[in-house]
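For reference, the structure discussed in these notes is given below.
Note that this is a predicted model, so its numbers are computed, not measured. Below, each value reflects all heavy atoms present in this structure, side chains not excepted, and no hydrogens, waters or symmetry copies.
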Amino acid sequence: MNWEMIGAIGQLGAAIGVVPSLIYLAIQVRDQNKERGRASLDLLSLQWADLIRSINESPDFGLIYLRGLQSYEELDPQSKIRFGAYLLRFCKQFEGMYFHYLDGTLRQSTWVALERSMADVFAYPGAQAWWRSRKHWYTDETCRVIDRLIAEVGKPQAYSGFTG
């Protein structure tokens, strides 16, 4: 056996040893990416819950919300700001969830439930009026999704038993 043959065998051994290391590294990177996605989704879920809680913790905002859903234009300026700020946060949260859905972090069943929530809100003329005036604040992808939901919604029902 000559030195070239010994060198070739050594290189072959090193190459064979690298393959399991690369596989292990790929598995670790994939797991870290999944964990980062879950952590990001957990944060968005907490922010979503905080957003919804804002209606519960402010009795006067609950009334503004109900009136705003019926007619954004008829709200007084301060109520328009509060209602609009709520919808801004609501839609930004939705947008974040949408991108998690696109990258596979968010499950299809969860996404469908979120779309139903958005459709319930955007079935109302006040939410639609706000959206028309502010949709330029969102990504083209988000605009397409919300515009589709508005086009598909039927009669508003989510808050039909409430008065504002």
Side-chain angles (χ1 to χ4, degrees), residues 25-164:
L25 180 62
I27 290 169
Q28 291 299 314
V29 168
R30 185 192 67 199
D31 289 347
Q32 285 177 350
N33 286 340
K34 279 184 181 180
E35 189 57 40
R36 274 193 216 116
R38 285 186 191 116
S40 179
L41 190 55
D42 287 346
L43 178 61
L44 281 172
S45 296
L46 284 172
Q47 290 171 343
W48 186 267
D50 287 342
L51 177 65
I52 302 305
R53 188 179 312 121
S54 67
I55 293 176
N56 294 334
E57 292 179 351
S58 175
D60 64 320
F61 182 70
L63 293 174
I64 291 169
Y65 180 73
L66 290 172
R67 287 193 335 262
L69 287 175
Q70 298 304 320
S71 176
Y72 178 69
E73 293 85 7
E74 291 180 21
L75 291 174
D76 63 86
Q78 182 183 8
S79 296
K80 277 184 179 178
I81 289 170
R82 291 182 71 193
F83 181 72
Y86 176 84
L87 287 180
L88 171 70
R89 288 177 54 209
F90 188 71
C91 292
K92 285 295 183 184
Q93 288 295 121
F94 180 78
E95 186 172 57
M97 296 287 201
Y98 177 64
F99 286 110
H100 278 293
Y101 168 67
L102 289 180
D103 74 12
T105 306
L106 188 68
R107 291 186 175 148
Q108 171 78 19
S109 59
T110 304
W111 173 248
V112 169
L114 285 168
E115 274 196 331
R116 288 183 199 138
S117 297
M118 291 299 285
D120 279 349
V121 171
F122 281 102
Y124 287 89
Q128 291 176 17
W130 176 86
W131 175 249
R132 284 190 300 274
S133 69
R134 302 297 189 275
K135 67 191 278 181
H136 61 280
W137 292 351
Y138 297 89
T139 63
D140 291 341
E141 296 91 345
T142 301
C143 289
R144 280 191 293 274
V145 172
I146 294 177
D147 287 342
R148 177 182 53 79
L149 291 174
I150 290 171
E152 294 173 356
V153 296
K155 180 181 174 189
Q157 297 180 23
Y159 303 102
S160 60
F162 299 80
T163 58

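With sequence neighbours excluded, the residues satisfying side-chain contact (heavy atoms from CB on, under 4.5 Å) with Val145 are Phe94, Tyr98, Trp111, Glu115, Arg148, Leu149. Residues passing the side chain to side chain donor-acceptor pair (under 3.5 Å) test with Gln108 are Tyr101, sequence neighbours excluded.
How far CE of Met118 is from OG1 of Thr142: 8.5 Å, rounded to the nearest 0.5 Å. The CG atom of Leu75 sits 10.5 Å away from the CD atom of Gln70 when rounded to the nearest 0.5 Å. Here the straight-line distance linking atom CZ of Phe90 with atom CZ of Phe83 works out to 10.0 Å at 0.5 Å rounding. With rounding to the nearest 0.5 angstrom, the OH atom of Tyr124 is 8.5 Å from the OH atom of Tyr65.
Residue pairs meeting the salt bridge (charged side-chain N to carboxylate O under 4.0 Å, His left out) criterion with at least one partner in residues 79-88, sequence neighbours excluded, are Asp60-Arg82. Evaluation of the salt bridge (charged side-chain N to carboxylate O under 4.0 Å, His left out) test over residues 118-141, restricted to residues two or more places apart or in two chains, returns Lys135-Asp147. The stretch residues 93-103 participates, sequence neighbours left out, in these salt bridge (charged side-chain N to carboxylate O under 4.0 Å, His left out) pairs: Lys92-Glu95.
Side chains of Leu114 and Gln93 form no contact here, defined as non-hydrogen atoms less than 4.5 Å apart. Using a 4.5 Å heavy-atom threshold, the side chains of Ile146 and Cys91 count as touching. Between Leu88 and Trp130, some side-chain heavy-atom pair lies under the 4.5 Å cut-off. Tyr72 is not listed as a side-chain neighbour of Pro125, based on a closest heavy-atom distance of 4.5 Å or more.
Relative ring orientation between Tyr86 and Phe61 is described as tilted, the plane-to-plane angle lying within the 30° to 60° band.
The number of heavy atoms from other shown groups lying within 6.0 Å of CD (Glu74) does not exceed 12.
Of all non-hydrogen atoms in Ala123 and Pro156, the two that sit nearest each other are O-CG, 3.2 Å.
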